[in-house]
Every structure is written in structure tokens, then in C-alpha cells.
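Have a look at the structure below before the remarks.
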Amino acid sequence: MTLRHLWILLAVCVTGSQQLSLPDDPTYYAGIVEHSVAEGTPREQTSFMSNAFRSIIESTDARDLDIIVFPEHILNSRETATFVPHAAQNVTPCYDTDYEIFLVELSCAARSRGIYVVLNVVEKEVCANGAGAATLDPCPAATGVRYFNTNVVLDRRGRVVSRYRKTHLWRQEYYSTSVLVEPDVSTFETDFGVTFGHFICFDMLFYDPAMRLVHERNITDIIYPTYWFSELPFLSAVQLQEGWAFGNDVNLLAADASHPSGRTTGSGIYAGRAGRLTATINEMPVRLLLKAQVPKRRPGLPAYQLPAQVDPIFQPLLETPRYTKVATYRDYNVDIFTSTLLEADFVNISQRVCHGSTFCCDFQVQRQAFAGDASELQAYRYRLGVYWGNETTLIRVDRSEQAICALFACLDEEIQSCGYVFPESVRVGNKHHFTSIRIGGTFPAAPRGRRLIMPSTLDGLFMPVSVAHYNWTETPAAAAHPEQSVRVDLELIRPRNDLLTFAIWSNYYTELPSTHNLNHLQQVAPTPANVGGSGTAVASTLSLVLLCLLFAALG
């Protein structure tokens with residue numbers, strides 16, 4: 001063997017040790033991190049989180065991963081904001097050290113481990129004298145620096161290969177964070193044959209860029225750092241993540257922060273309509289690395305099937321585990337649903353409920369009473385709810401247009417009690433268990449082609465019902481025919497002891513604006529100099545008449 005051959009063999013071995021999955025492999029190995037929030041001064045927090053993230057990347061638990069995703073919001077703050085290079089600049093912070101030390105160190109960790117790393121950071125950009133990106137807000141005159149909520153993707157060499165700046169901010173973020181006039185639509189290719197798109201947290205509930213990635217770029221693998229504020233009964237963290245991945249039939253890597261008392265917990269890896277590969281939601285702050293083999297989605301590859309699992313024989317249980325320490329918001333949209341309160345002891349309901357005269361949902365719900373004594377325990381009451389319209393919001397932050405067919409839990413007979421769970425001090429029993437549920441409705445067409453229809457289910461542990469335990473049908477396929485109305489049916493096919501939500505939830509991505517009471521988001525009114533039309537002419541004529549009357553009065 002020649003010296004040249006030895007060098008080639010060495011190069012192959014080194015490359016093989018770094019690249020774990022190959023382009024032709026049917027799966028890749030992904031990890032997502034749910035992590036608690038650090039305390040201390042801003043610099044102490046950033047130092048702590050940087051060390052924590054680095055230790056996870058360099059740990060033996062991560063050595064078999066191709067890509068790892070960290071949560072939104074917890075790594076740094078404005079006090080430790082960093083510049084972030086564009087991918088086109090071909091920058092590796094590990095040896096191009098004009099960046100905050102945490103980004104340099106995490107770039108070195110990615111290179112050392114040979115792994116793709118996705119971080120969420122507070123980014124700063126110089127904007128004085130017309131520099132920087134076009135944003136909705138003006139450049140701050142006092143500093144000449146603006147800030148973004150930004151995803152940074154590092155490749156196996158620690159090089160920045162993608163950057164995304166958050167488009168849809170949580171309400172108070174607008175006071176300190178800039179938004180691009182034209183939203184980022186960010187993707188990157190990997191050496192294991194998968195092209196990813198990525199966005200951040202609240203972006204998931206809007207068309208740009210989340211749905212644009214799926215429907216216009218045909219991206220099948222999505223990365224999603226988040227600091228999600230859960231809301232009942234439809235938008236808790238894992239519930240939304242799994243439903244969104246299912247509705248779009250895409251892989252989703254979702255990493256959430258861990259602050260349960262602040263409504264934030266819930267992370268997972270999902271394989272579209274094959275369901276979740278792994279997920280977690282927790283009552284106490286945690287530091288967790290979740291891992292899964294994720295199926296690649298390419299032409300010619302067969303549809304992925306989850307490994308066969310043997311479900312235990314169903315047993316009616318009077319009391320089941322439930323979460324009470326995860327704080328949540330309440331969805332005030334349900335107050336304007338057309339809803340029907342079901343009797344406390346109902347066992348068989350077949351009913352059509354309509355919101356207005358055009359949108360109706362069909363419900364068939366069967367339950368069976370628990371055989372033992374449950375008289376000392378509280379039980380949830382249930383409502384059938386239907387809604388179609390745009391008089392709703394997304395967690396009271398932005399306007400929305402929704403169509404929903406739902407069975408959801410309430411504490412008592414009042415609609416105001418829906419969207420809450422019983423506190424820990426109350427003993428809750430399943431005085432009945434569900435034997436079957438069928439919900440169906442014809443969902444309106446989306447003339448602009450913007451619509452997502454998905455299952456929204458939840459149990460007492462704030463986890464969705466497994467996809468193996470329900471049937472979902474669309475006639476015709478909703479994603480392929482947005483210009484048509486579609487019949488959707490959701491059927492529970494395995495008995496359940498406890499349910500908080502069992503619903504079909506859809507988002508029509510309204511264009512009704514929310515300005516959040518900020519001047520830089522207000523639409524600029526046209527001036528007479530550049531706009532003609534009857535309104536301007538009438539106003540000018542009226543002014544002339546008033547002026548003439550004034551002169552006549554003075555004369």
C-alpha cells in the first residue's frame with residue numbers, strides 16, 4: 001500500500017468517525033434538549049447556560065447524534081447579545097473570534113463533537129447610517145444597534161450555515177426586538193441528505209414562514225426552538241407540536257425551555273402522521289436530552305411506520321395520574337363557541353352542533369360508568385363546542401381565523417370553567433371512561449390556499465392521544481386541495497380513562513392585522529400627493545365650501 005493510499009484511508013476513517021448518518025441511510029439520529037432557566041445576573045446566566053449546553057454537546061449521550069436542538073430564550077440576553085454572521089460569510093466562530101465568548105465556545109464544541117447544533121440567541125446588529133437589515137421599527141438613534149430573536153445553525157465544523165430571525169413576536173417582545181419587513185425563510189442542507197427549515201416559537205401559528213417552508217419550499221424536516229406558553233384546551237406545548245407535525249405530515253424537532261410554573265415545558269421529536277417518536281412535559285424544571293432515530297422523507301423511500309407496540313389490555317381506572325403543577329393560560333375563545341353542556345352521567349350522545357348556519361359538526365360519544373364507588377370524587381364535565389370565524393385570537397396576542405369541532409373538559413356547568421384543570425387539593429375520579437368518540441365536520445375552503453387542519457387531543461398528563469389510538473380521515477386530502485371544502489373525521493378507537501380535549505382544530509391564517517399598539521407597526525396613511533380618488537376630492541371640495549362660508553360670514 002502506498003503512502004497516498006494510507007492518507008486516503010486515514011481521511012475516510014476520520015470522516016466516518018464524524019459523520020454518523022450517511023445520505024443513503026433511511027434515518028438520521030436527532031436530539032432535542034429541554035432545559036431549565038438559569039438564575040443570577042445576565043452574564044452569570046449566559047455563562048451558566050453556555051457551560052450547560054457545551055457539556056451536553058460534549059457528553060457521551062450526544063456522541064451518536066447527527067443534530068441537536070436547544071430551546072429558545074434561555075442562552076443569553078440583551079446584555080450578552082452577539083453578532084451573528086450570515087451563512088454566506090462562511091464564518092466559524094471557533095477561530096474567527098469576533099463574537100460573544102459563548103458563541104465561540106459552542107462553535108468549538110460543535111466542531112469537537114462533529115455534530116450539527118441549533119442555538120437560539122439574542123442577536124445584535126449595527127443599524128446606524130442605514131446599515132443592517134430592513135425592519136419594521138426604526139434604528140434606535142441613541143445606540144445605532146438593534147436586536148433580533150435569532151436561530152443560529154452550526155455544522156459539524158462549527159461553521160454558521162444558517163440564520164433565522166423570528167417573525168412573530170410574543171406581545172412584549174415588540175418593545176425590544178426587531179422584525180424584518182420581509183420574513184426570513186431559512187433552510188440548510190446537511191451531509192446526511194436532509195434539508196431542514198427552521199423557525200421559532202409563536203411562528204408556528206402563522207403562515208409565514210412556517211407553512212411557507214412546508215407548502216412552497218417542500219421542506220419535510222423542521223427545527224423548532226421554543227419558549228412556549230401552554231393554553232388549554234387546544235394549545236398546550238406537546239399537543240400543538242404533535243398536531244402541527246401530523247397536520248403537515250412532516251418531521252419536527254421541538255426543544256422547549258423548562259419553567260413549568262411559568263407555563264413553559266413540553267418538547268418532542270415527531271414523525272408526521274406516524275406520531276411522536278419521543279416527547280416530554282414536566283411538572284418540575286428539568287435538564288433532559290431526548291433522542292430518536294428520525295425517518296428520512298424522500299421520493300422512493302417507503303412511508304415510515306412506527307415499530308409495532310403491544311398495548312396493554314385496557315383497564316377502567318377510577319383515579320389516574322394527572323398534572324396539576326404545570327401552569328397554563330385559558331383559551332377565552334371558547335366563550336364564543338356554540339357549545340352544549342353534556343349531562344354529568346351521560347353514556348351515549350349523538351348530536352349535531354352548528355356555529356351559525358353554515359358550519360356544523362357531528363358528534364357521537366359513548367362512555368361506560370365505573371363499577372365502583374366514586375361518590376367522594378370530583379369529575380370533569382364535558383361540552384361539545386363548534387366555532388367558525390375570525391373573532392378569535394392566538395393566545396390573546398394576534399387575531400386568528402379558526403374552525404373547530406371539539407369535545408373539551410370543564411370544572412362545572414359554566415362555560416367559564418372550561419380550559420382549567422382541578423387543583424392538586426381536589427381528588428378527581430373517572431366516574432366514566434370513554435369507549436368511543438366520533439367527531440366530523442366539513443371544513444370550508446381556503447380561497448388564499450392557507451389552511452391547516454389537525455387533531456388536537458390531550459389527557460390528564462398533558463400528552464396527546466397516541467396516533468395508534470385514533471383514526472383520521474380527510475376527503476379530499478386537505479393539504480393538496482386547499483381551494484376545496486374537506487370532510488374531516490376523527491375517531492377514538494381505543495377506550496380512554498381520562499380526556500381533557502378531543503378535537504379537530506384548524507387555522508385559516510387570517511390577514512387581519514395586529515399592531516400591538518406600537519407606532520412602527522401601524523399602517524402608514526396615504527397622503528393626497530400620491531393618492532387620488534373620490535375621497536380626496538370630496539374632502540378638498542368640502543374644505544373650499546367651508547372657507548367660502550367663513551368669508552361670507554366675516555363680510
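Just so it is clear, the structure is predicted and the values come from calculations on it, not from any experiment. What you see below is based on every heavy atom in this structure, not just the backbone, and it leaves out hydrogens, waters and symmetry mates.
- Qualifying ring pair (Phe, Tyr, Trp, His ring centres under 6.0 Å) partners for F196, counting only residues two or more places apart in sequence or in other chains: Y28, F188.
- Judged by the 6.0 Å and 45° rule, R487 forms no cation-pi pair with F443.
- Electrostatic pairing of R399 and E391 does not count as a salt bridge here, judged by no charged N lying under 4.0 Å from a carboxylate O.
- Classification of the H198-Y164 ring pair by plane angle, with boundaries at 30° and 60°, yields perpendicular.
- Under the ring pair (Phe, Tyr, Trp, His ring centres under 6.0 Å) test applied with Y382, the options F502, F434, F408 reduce to a single match, F434.
- Partners of T392 under the side-chain contact (heavy atoms from CB on, under 4.5 Å) rule, at least two apart in sequence or in another chain, are N333, I336, Y387, S400, Q402.
- Counting heavy atoms of neighbouring residues, nucleotides and ligands inside a 6.0 Å radius, atom CD of E483 exceeds 12 of them.
- Atom CG of D311 has more than 12 neighbouring heavy atoms from other residues, nucleotides or ligands inside a 6.0 Å radius.
- Annotation: Y224 is not in aromatic contact with W244 [ring centroid separation under 6.0 Å not met].
- The distance from the CE atom of M463 to the OG atom of S236 is 9.5 Å, given to the nearest 0.5 Å.
- No hydrogens or angles considered: nothing links the side chains of D335 and Q416 as a donor-acceptor pair under 3.5 Å.
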Walk me through whether Y175 and L518 qualify under side chain to side chain contact (heavy atoms under 4.5 Å, CB included). CA-CA 8 Å; Y175 291 91; L518 297 176; 3.1 Å; yes

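- The six-membered or imidazole ring of Y227 lies near that of F229, with a centre-to-centre distance under 6.0 Å.
- Rounding to the nearest 0.5 angstrom, the gap separating the NE2 atom in H433 from the CG atom in D498 is 12.0 Å.
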task = Could you walk me through whether R383 and S339 pass the side chain to side chain donor-acceptor pair (under 3.5 Å) test, one step at a time?
result = CA-CA 6 Å; R383 281 182 178 265; S339 65; 3.0 Å; yes

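- Other residues, nucleotides and ligands place more than 12 heavy atoms under 6.0 Å from the CD atom of Q172.
- The sulfur atoms (SG) of C361 and C354 lie 2.5 Å or more from each other.
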